[in-house]
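The structure displayed is predicted, hence computed values, not measured ones.
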Amino acid sequence: MKIVLQIILTVLTVQISFGQVATIQDPDGWTNVRKAPDGKSEVIHKVYENEVFWYDFEPTDKEQEWISIYIPKNNYSLGKSEPNFIVGFIHKSRLLKLEQLQGYSGNDFQFDYQLSDFDTANRVIDKQDGKWVTAINGRPVWGTDGNFPKTQVDKVEVIIEGKEIEIHEVFYSDIYECDSGLSIYKNGDTYFVHQLNSDGAGAYEIVWVFDKNGLKQRLVGTMI
(Lines give C-alpha, C1' and ligand atoms only; values in the text may rest on other atoms or scores of the structure.)
Protein backbone atom coordinates (compact mmCIF):
# COMPACT_ATOMS: atom_id res chain seq x y z
CA MET A 1 0.00 0.00 0.00
CA LYS A 2 2.83 2.37 0.88
CA ILE A 3 4.53 1.70 -2.47
CA VAL A 4 1.29 2.39 -4.37
CA LEU A 5 0.79 5.65 -2.47
CA GLN A 6 4.34 6.76 -3.27
CA ILE A 7 3.77 6.04 -6.95
CA ILE A 8 0.53 8.05 -6.96
CA LEU A 9 2.20 11.01 -5.27
CA THR A 10 5.11 10.87 -7.70
CA VAL A 11 2.78 10.82 -10.70
CA LEU A 12 0.73 13.69 -9.29
CA THR A 13 3.85 15.80 -8.77
CA VAL A 14 4.92 15.20 -12.36
CA GLN A 15 1.47 15.98 -13.74
CA ILE A 16 1.07 19.34 -12.01
CA SER A 17 4.61 20.39 -12.84
CA PHE A 18 3.96 20.93 -16.55
CA GLY A 19 2.69 24.44 -15.85
CA GLN A 20 -0.63 23.81 -17.60
CA VAL A 21 -3.24 26.13 -16.11
CA ALA A 22 -6.83 26.48 -17.26
CA THR A 23 -10.33 27.58 -16.37
CA ILE A 24 -13.60 26.38 -17.92
CA GLN A 25 -15.86 27.41 -20.78
CA ASP A 26 -19.41 26.27 -20.13
CA PRO A 27 -22.72 28.02 -20.93
CA ASP A 28 -23.97 26.98 -17.48
CA GLY A 29 -21.10 28.85 -15.78
CA TRP A 30 -19.93 25.66 -14.08
CA THR A 31 -18.75 22.16 -15.01
CA ASN A 32 -19.02 18.82 -13.26
CA VAL A 33 -15.78 17.15 -12.21
CA ARG A 34 -16.11 13.38 -12.46
CA LYS A 35 -14.30 10.62 -10.63
CA ALA A 36 -13.43 8.79 -13.85
CA PRO A 37 -13.16 9.81 -17.54
CA ASP A 38 -16.75 8.91 -18.26
CA GLY A 39 -19.90 11.01 -18.56
CA LYS A 40 -21.74 8.54 -16.32
CA SER A 41 -19.08 8.55 -13.60
CA GLU A 42 -19.74 10.00 -10.14
CA VAL A 43 -19.66 13.80 -9.86
CA ILE A 44 -17.14 14.62 -7.13
CA HIS A 45 -16.88 18.40 -7.49
CA LYS A 46 -17.87 21.40 -9.58
CA VAL A 47 -15.59 24.05 -11.04
CA TYR A 48 -16.93 27.49 -11.87
CA GLU A 49 -16.14 30.01 -14.54
CA ASN A 50 -12.87 31.88 -13.92
CA GLU A 51 -11.62 29.41 -11.30
CA VAL A 52 -8.13 28.24 -12.26
CA PHE A 53 -6.64 24.78 -11.85
CA TRP A 54 -3.88 22.53 -13.23
CA TYR A 55 -4.61 20.10 -16.03
CA ASP A 56 -2.88 17.28 -17.87
CA PHE A 57 -3.40 17.00 -21.61
CA GLU A 58 -1.31 15.80 -24.52
CA PRO A 59 -2.31 17.68 -27.72
CA THR A 60 -1.01 14.77 -29.81
CA ASP A 61 -3.69 12.49 -28.36
CA LYS A 62 -6.64 13.47 -30.55
CA GLU A 63 -8.83 10.73 -29.13
CA GLN A 64 -8.52 11.98 -25.54
CA GLU A 65 -12.06 13.13 -24.68
CA TRP A 66 -11.57 13.64 -20.96
CA ILE A 67 -8.92 15.80 -19.27
CA SER A 68 -7.50 15.03 -15.84
CA ILE A 69 -7.47 18.15 -13.66
CA TYR A 70 -6.06 19.03 -10.24
CA ILE A 71 -8.12 21.47 -8.19
CA PRO A 72 -6.47 22.92 -5.08
CA LYS A 73 -8.54 22.43 -1.94
CA ASN A 74 -7.24 25.78 -0.74
CA ASN A 75 -8.20 28.69 -3.02
CA TYR A 76 -5.13 30.68 -2.01
CA SER A 77 -2.42 27.97 -1.84
CA LEU A 78 -1.73 28.79 1.78
CA GLY A 79 0.17 26.52 4.10
CA LYS A 80 2.03 23.62 2.55
CA SER A 81 4.47 24.18 -0.30
CA GLU A 82 2.66 21.40 -2.18
CA PRO A 83 -1.09 22.02 -1.81
CA ASN A 84 -3.60 19.19 -1.59
CA PHE A 85 -5.68 18.59 -4.70
CA ILE A 86 -9.00 17.19 -5.77
CA VAL A 87 -8.19 14.98 -8.74
CA GLY A 88 -10.88 14.39 -11.34
CA PHE A 89 -11.88 14.67 -14.98
CA ILE A 90 -13.76 17.13 -17.18
CA HIS A 91 -14.70 16.83 -20.84
CA LYS A 92 -12.14 18.48 -23.11
CA SER A 93 -14.82 20.71 -24.65
CA ARG A 94 -15.12 22.47 -21.28
CA LEU A 95 -11.40 23.22 -20.91
CA LEU A 96 -10.23 26.79 -21.55
CA LYS A 97 -6.45 27.13 -21.35
CA LEU A 98 -5.17 30.23 -19.62
CA GLU A 99 -3.15 31.29 -22.66
CA GLN A 100 -6.33 31.13 -24.78
CA LEU A 101 -7.86 33.98 -22.81
CA GLN A 102 -7.75 37.52 -24.12
CA GLY A 103 -4.42 39.18 -23.40
CA TYR A 104 -4.93 42.39 -21.46
CA SER A 105 -3.16 45.68 -22.24
CA GLY A 106 -5.64 48.32 -21.06
CA ASN A 107 -5.56 50.92 -18.29
CA ASP A 108 -8.36 49.66 -16.03
CA PHE A 109 -6.15 47.10 -14.30
CA GLN A 110 -2.70 47.55 -12.76
CA PHE A 111 -0.58 44.99 -10.91
CA ASP A 112 2.85 45.66 -9.39
CA TYR A 113 5.19 44.23 -6.79
CA GLN A 114 7.16 46.36 -4.37
CA LEU A 115 10.40 44.42 -3.94
CA SER A 116 13.48 44.67 -1.74
CA ASP A 117 16.49 42.58 -0.79
CA PHE A 118 15.65 39.73 1.55
CA ASP A 119 16.09 40.71 5.20
CA THR A 120 16.66 38.07 7.89
CA ALA A 121 15.96 40.52 10.76
CA ASN A 122 13.16 39.35 13.07
CA ARG A 123 12.53 36.27 10.94
CA VAL A 124 11.97 32.78 12.28
CA ILE A 125 13.87 30.55 9.85
CA ASP A 126 13.55 26.76 9.93
CA LYS A 127 16.33 24.67 8.44
CA GLN A 128 16.85 21.04 7.61
CA ASP A 129 20.17 19.57 8.72
CA GLY A 130 21.10 23.05 9.89
CA LYS A 131 21.61 24.15 6.29
CA TRP A 132 18.57 24.05 4.00
CA VAL A 133 15.82 26.63 4.53
CA THR A 134 12.44 24.87 4.81
CA ALA A 135 10.20 27.65 6.19
CA ILE A 136 10.29 31.36 7.01
CA ASN A 137 8.00 32.60 9.78
CA GLY A 138 6.22 29.26 9.61
CA ARG A 139 5.39 29.66 5.90
CA PRO A 140 6.61 27.68 2.89
CA VAL A 141 9.34 29.26 0.79
CA TRP A 142 8.36 29.60 -2.86
CA GLY A 143 11.21 30.47 -5.22
CA THR A 144 14.31 28.90 -3.68
CA ASP A 145 15.82 25.45 -3.58
CA GLY A 146 16.81 25.45 0.09
CA ASN A 147 18.90 28.62 0.02
CA PHE A 148 18.05 32.01 1.50
CA PRO A 149 15.90 34.11 -0.84
CA LYS A 150 17.53 37.07 -2.53
CA THR A 151 14.39 39.15 -3.08
CA GLN A 152 11.26 39.56 -0.99
CA VAL A 153 7.86 41.11 -1.71
CA ASP A 154 7.02 44.07 0.52
CA LYS A 155 3.68 44.86 -1.06
CA VAL A 156 1.41 43.89 -3.94
CA GLU A 157 -0.25 46.92 -5.54
CA VAL A 158 -3.47 46.26 -7.46
CA ILE A 159 -5.74 48.93 -8.95
CA ILE A 160 -8.99 48.05 -10.72
CA GLU A 161 -10.99 50.81 -12.41
CA GLY A 162 -9.21 53.42 -10.31
CA LYS A 163 -9.85 51.61 -7.02
CA GLU A 164 -6.93 50.26 -5.02
CA ILE A 165 -7.45 46.65 -3.93
CA GLU A 166 -5.90 45.79 -0.57
CA ILE A 167 -3.79 42.63 -0.62
CA HIS A 168 -3.01 41.27 2.83
CA GLU A 169 0.56 40.32 3.65
CA VAL A 170 -0.44 36.68 4.10
CA PHE A 171 -0.86 36.39 0.31
CA TYR A 172 2.68 37.49 -0.57
CA SER A 173 4.86 36.74 2.47
CA ASP A 174 5.66 33.24 1.19
CA ILE A 175 6.65 34.11 -2.41
CA TYR A 176 10.18 35.18 -3.31
CA GLU A 177 12.33 35.97 -6.35
CA CYS A 178 9.46 37.74 -8.09
CA ASP A 179 10.23 40.03 -11.03
CA SER A 180 8.34 42.14 -13.53
CA GLY A 181 7.99 39.40 -16.12
CA LEU A 182 4.29 38.56 -16.11
CA SER A 183 1.34 38.02 -18.41
CA ILE A 184 -2.12 39.48 -17.82
CA TYR A 185 -5.32 37.99 -19.25
CA LYS A 186 -8.96 39.01 -19.00
CA ASN A 187 -12.18 37.01 -19.20
CA GLY A 188 -15.36 39.01 -18.73
CA ASP A 189 -14.81 41.10 -15.59
CA THR A 190 -12.04 38.86 -14.25
CA TYR A 191 -8.29 39.48 -14.53
CA PHE A 192 -5.57 36.83 -14.38
CA VAL A 193 -1.92 37.59 -13.62
CA HIS A 194 0.42 34.74 -14.58
CA GLN A 195 4.08 34.57 -13.63
CA LEU A 196 7.03 32.17 -13.43
CA ASN A 197 9.57 32.93 -10.68
CA SER A 198 12.82 31.30 -9.66
CA ASP A 199 16.24 31.71 -8.05
CA GLY A 200 17.57 29.56 -10.87
CA ALA A 201 16.61 26.23 -9.29
CA GLY A 202 13.51 26.65 -7.12
CA ALA A 203 11.09 27.51 -9.94
CA TYR A 204 7.40 27.99 -9.28
CA GLU A 205 4.33 29.27 -11.09
CA ILE A 206 1.76 31.68 -9.67
CA VAL A 207 -1.61 32.84 -10.98
CA TRP A 208 -3.46 35.71 -9.29
CA VAL A 209 -7.21 36.03 -10.04
CA PHE A 210 -9.05 39.32 -9.44
CA ASP A 211 -12.34 40.99 -10.09
CA LYS A 212 -13.54 44.43 -8.98
CA ASN A 213 -14.35 43.05 -5.53
CA GLY A 214 -10.78 41.92 -4.88
CA LEU A 215 -8.61 38.81 -4.87
CA LYS A 216 -10.60 35.69 -5.79
CA GLN A 217 -7.86 33.07 -6.02
CA ARG A 218 -4.11 32.54 -5.84
CA LEU A 219 -2.77 29.37 -7.48
CA VAL A 220 0.84 28.46 -6.69
CA GLY A 221 2.75 25.37 -7.78
CA THR A 222 6.19 24.01 -8.54
CA MET A 223 7.72 23.63 -11.97
CA ILE A 224 10.17 21.14 -13.45
Self-check item: T31 side chain to R94 backbone, donor-acceptor under 3.5 Å
Solution: no
Self-check item: D199 versus T144, side-chain donor and acceptor atoms under 3.5 Å
Solution: no
Quiz item: Considering all heavy atoms of both residues, which atom of V141 and which atom of P149 are nearest to each other, and what is their separation?
Solution: CG1-CG, 4.2 Å
Quiz item: Charged N to carboxylate O under 4.0 angstrom, D26 versus K46?
Solution: no
Practice problem: Would you sort out whether E51 and I24 count as a side-chain contact (heavy atoms from CB on, under 4.5 Å), showing the intermediate values? | Solution: CA-CA 8 Å; E51 289 183 4; I24 62 158; over 6 Å; no
Quiz item: Distance from Q102 atom CD to N187 atom CG, nearest 0.5 Å?
Solution: 8.5 Å
Quiz prompt | T222 side, atom OG1; W142 side, atom CH2 - distance, nearest 0.5 Å | solution = 6.0 Å
Quiz item: Among side-chain atoms of Q110 and E157, is any donor-acceptor pair under 3.5 angstrom?
Solution: no
Practice problem: Taking the side chain as every heavy atom from C-beta outward, state whether Q217 and V207 have any atom pair closer than 4.5 Å. | Solution: no
Quiz item: Judged by modelled atom types alone, do Y70 and Q20 share a side-chain donor-acceptor pair under 3.5 Å?
Solution: no
Practice problem: Show the numbers, then the answer: is there a side-chain contact (heavy atoms from CB on, under 4.5 Å) between V156 and V153? | Solution: CA-CA 7 Å; V156 176; V153 179; 4.0 Å; yes
Quiz item: Does a side-chain heavy-atom distance below 4.5 Å link I165 with I159?
Solution: no
Quiz item: Taking C-beta and beyond as the side chain, do I136 and V124 meet within less than 4.5 Å on heavy atoms?
Solution: no
Self-check item: Main-chain N/O of I44 paired with E42 side-chain donor or acceptor, under 3.5 Å
Solution: no
Exercise. Measure from the side-chain N and O atoms of D129 to the backbone N and O of K131, and report whether any donor-acceptor pair falls under 3.5 Å.
Key: no
Quiz item: For the atom pair SG (C178) and CD (Q114), what is the distance rounded to the nearest 0.5 Å?
Solution: 13.0 Å
Quiz prompt | Distance-minimising heavy-atom pair for L101 and K186 | solution = CB-O, 4.2 Å
Quiz item: According to the interplanar angle, ranging from 0 to 90°, do the rings of F109 and F210 count as parallel (below 30°), tilted (30 to 60°) or perpendicular (above 60°)?
Solution: tilted
Quiz item: Going only through I, L, V, M, F, W and Y residues with side-chain contacts under 4.5 Å, is there a path from Y55 to I86?
Solution: yes
Practice problem: Using modelled atom types only, decide if a donor and an acceptor are shared between the side chain of E205 and the backbone of Q195 within a distance under 3.5 Å. | Solution: no
Quiz prompt | Residues, nucleotides or ligands: over 12 heavy atoms within 6.0 Å of N107 CG | solution = no
Quiz item: Which atom pair, heavy atoms only, marks the closest approach of I90 to N32?
Solution: CG2-O, 3.6 Å
Quiz prompt | Nearest heavy atoms of A36 and S41, plus distance in Å | solution = N-OG, 2.9 Å
Quiz prompt | Min side-chain heavy-atom separation I206-H194 under 4.5 Å | solution = no
Quiz item: Which atoms form the tightest heavy-atom contact between I167 and Y172, and what is the distance?
Solution: O-CE2, 3.5 Å
Practice problem: State plainly whether one hydrophobic cluster holds both W54 and F89, where clusters connect Ile, Leu, Val, Met, Phe, Trp and Tyr through side-chain heavy atoms under 4.5 angstrom apart. | Solution: no
Practice problem: Give a yes or no on this: more than 12 heavy atoms of other residues, nucleotides or ligands lie within 6.0 Å of atom CG of D189. | Solution: no
Quiz item: Just wondering, do L219 and V21 contact through their side chains at under 4.5 Å, heavy atoms?
Solution: yes
Self-check item: Joint hydrophobic cluster, V193 plus I175, side-chain heavy atoms closer than 4.5 Å
Solution: yes
Exercise. Please identify each residue that fulfils side chain to side chain contact (heavy atoms under 4.5 Å, CB included) with F148, with sequence neighbours left out.
Key: F118, T120, I125, K127, V133
Practice problem: Could you verify whether a donor N or O on one side chain and an acceptor N or O on the other, from D154 and Q152, lie under 3.5 Å apart? | Solution: yes
Quiz item: If only atom types and distance count, is the side chain of R218 paired as donor or acceptor with the main-chain N or O of F171 below 3.5 Å?
Solution: yes
Quiz item: Rounded to the nearest 0.5 Å, what separation is found between the CG atom of D126 and the OG1 atom of T134?
Solution: 5.0 Å
Exercise. Check the pair I160 / D108 against side-chain contact (heavy atoms from CB on, under 4.5 Å), numbers first and verdict last.
Key: CA-CA 6 Å; I160 301 177; D108 291 337; 6.0 Å; no
Quiz item: Measuring from N197:CG to E177:CD, what's the distance to the nearest 0.5 Å?
Solution: 8.5 Å
Quiz item: Mind checking whether Y76 and V170 sit in one hydrophobic cluster, side chains of I, L, V, M, F, W, Y counted as touching below 4.5 Å?
Solution: yes
Quiz item: Hey, does the side chain of D179 reach the backbone of G181 with a donor-acceptor pair shorter than 3.5 angstrom?
Solution: yes
Exercise. Taking the six-membered ring for Trp and the full ring for Phe, Tyr or His, determine whether the centres of F111 and W208 are under 6.0 Å apart.
Key: yes
Exercise. Take K155 and E164 through the test salt bridge (charged side-chain N to carboxylate O under 4.0 Å, His left out) and record every step on the way to the result.
Key: CA-CA 13 Å; K155 186 179 180 181; E164 184 173 358; 3.6 Å; yes
Quiz item: Is the centre of the Y191 ring less than 6.0 Å from the centre of the Y185 ring?
Solution: no
Quiz prompt | Distance in Å, S183 OG paired with F192 CZ, rounded so as to fall on 0.5 Å steps | solution = 13.5 Å
Quiz item: So which heavy atom on L95 is nearest to which on Q25, and how close?
Solution: O-NE2, 3.2 Å
Practice problem: Could you walk me through whether E65 and H91 pass side-chain contact (heavy atoms from CB on, under 4.5 Å), step by step? | Solution: CA-CA 6 Å; E65 294 294 326; H91 194 270; 3.2 Å; yes
Quiz item: Heavy-atom distance under 4.5 Å between the side chains of D119 and D117, does that happen here?
Solution: no
